[in-house]
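Structure incoming, see below.
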Amino acid sequence: MKITFLGTGASQGIPMLLSDEPVNHSTDSKDKRTRSSVLIQWNNFSVLVDCGGDFRYQMLANNVQHIDAILFTHEHSDHIAGLDDIRPFCYKIGPMPIYGMKRVIDVLSERYQYIFEIENRYPGAAAVNPFVVNEYPFELGGKKIIPIKVNHGNLPILGYRIDNFAYLTDVKTIPETEFAKLQNLEVLVISALRIEPHPTHLNLKEAIAMTEKISPEKAYFMHISHRLGFHEEVSKSLPNNIYLSYDGLSFDVG
Ligand SMILES: [Zn+2]
Ligand SMILES: [Zn+2]
């Protein structure tokens, strides 16, 4: 299974508009972060997790030719705002299968009413085939997808586990019941927003503690804001099996 980090930034990306944090002026390409999204591929099957406003650029930057399905973690704009741009992929495969909690599918269908329209559709509009995800695993491309419930502050959202890989973004806490689903991970991807605490996101220290509790072989931090610092400096401060991700990072799992 091949993992490609398409974007690793928080909701406003780095550089952030109108911010004078030093990382915005970094010359290190690893400090340029688009909105968080990951591509997971196996046997010519490609699953995108989240589709934020940088989706089009990410497809170009990574030369992505095909997407078979999109898994949504939650309905915040930085995770959904690229939905209109899936059009060329729909021309190729027809309505895009999309998966998310009922609340998330409802928000998408309100915000992108024309995409969900069944009658009198605008010619050329993107099309989707929505599937509501509950707590039960489901099958996609011959693999079992395990939804993981996490809390984004007070908002319940989903992460996903496929084989020994799990992707948990916008996490603040994880219900005790979910830890059993996170055992024996080869790679955990989990959000680490910034240095200071935040009401709805793990900060760096909390993300390290959460990773130690889950105890994967390796972890990659993502959903990184302009207030975490420089990639190189922060990377050096991390425990041995924890890494900061960066846009374009790709590796095989399993
Ligand atoms: Zn987010
Ligand atoms: Zn969010």
Side-chain angles (χ1 to χ4, degrees), residues 3-17 19 21 23-24 31-40 47-58 70-86 98-112 133 147-161 166-175 178 188-204 206-207 210-211 219-229 231 234 244-249:
I3 309 299
T4 306
F5 284 94
L6 302 174
T8 58
S11 58
Q12 304 194 72
I14 305 176
M16 179 183 156
L17 296 177
S19 156
E21 289 287 339
V23 72
N24 294 313
D31 284 320
K32 310 257 180 270
R33 299 185 188 275
T34 60
R35 267 59 72 88
S36 287
S37 174
V38 71
L39 189 70
I40 308 170
V47 174
L48 180 73
V49 184
D50 289 334
C51 183
D54 296 312
F55 169 80
R56 175 179 168 278
Y57 167 79
Q58 292 166 344
I70 305 175
L71 306 179
F72 284 102
T73 60
H74 67 300
E75 68 273 39
H76 285 162
S77 271
D78 52 322
H79 300 263
I80 68 168
L83 191 61
D84 187 74
D85 283 327
I86 67 171
I98 62 167
Y99 294 78
M101 301 168 77
K102 182 171 185 306
R103 185 193 73 228
V104 174
I105 299 290
D106 287 348
V107 169
L108 286 171
S109 67
E110 278 164 33
R111 205 167 298 173
Y112 298 98
V133 178
I148 311 287
K149 282 185 268 180
V150 305
N151 296 316
H152 184 9
N154 292 329
L155 188 72
I157 67 169
L158 292 180
Y160 296 97
R161 177 179 184 155
Y167 184 84
L168 309 178
T169 190
D170 294 54
V171 180
K172 180 62 180 182
T173 59
I174 301 178
E178 302 306 281
L188 167 70
V189 174
I190 189 164
S191 51
L193 187 75
R194 63 186 194 185
I195 301 297
E196 313 90 72
H198 187 280
T200 64
H201 289 276
L202 295 170
N203 68 358
L204 186 65
E206 292 165 332
M210 188 65 87
T211 300
Y220 289 88
F221 288 171
M222 38 69 75
H223 207 278
I224 290 165
S225 88
H226 61 299
R227 291 170 75 181
L228 188 75
H231 180 88
V234 178
L244 286 194
S245 63
Y246 53 87
D247 288 23
L249 171 65

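Read the numbers this way: they start at 1 and go in the same order the structure lists the ligands and their atoms.
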His76: its N/O/S atom lying closest to the Zn ion (ligand 2) (atom name)
ND1
Could you grab the angle centred on the Zn ion (ligand 1), going from OD2 in Asp78 to NE2 in His79, to 10°?
90°
Using salt bridge (Lys or Arg N to Asp or Glu O under 4.0 Å), reason through Asp78 and Arg35 one step at a time and then give a plain yes or no.
CA-CA 6 Å; Asp78 52 322; Arg35 267 59 72 88; over 6 Å; no
Parallel, tilted or perpendicular: which one describes the rings of His74 and His79, with boundaries at 30° and 60°?
tilted
Measuring only between side-chain heavy atoms, which start at C-beta, is Ile98 closer than 4.5 Å to Ile105?
yes
Is there an N/O/S atom in His152 that lies less than 2.8 Å from the Zn ion (ligand 1)?
no
Is there a side-chain contact between Glu75 and Leu155 (heavy atoms, below 4.5 Å)?
yes
At the Zn ion (ligand 2): angle between Asp170 atom OD2 and His74 atom NE2, to 10 degrees
90°
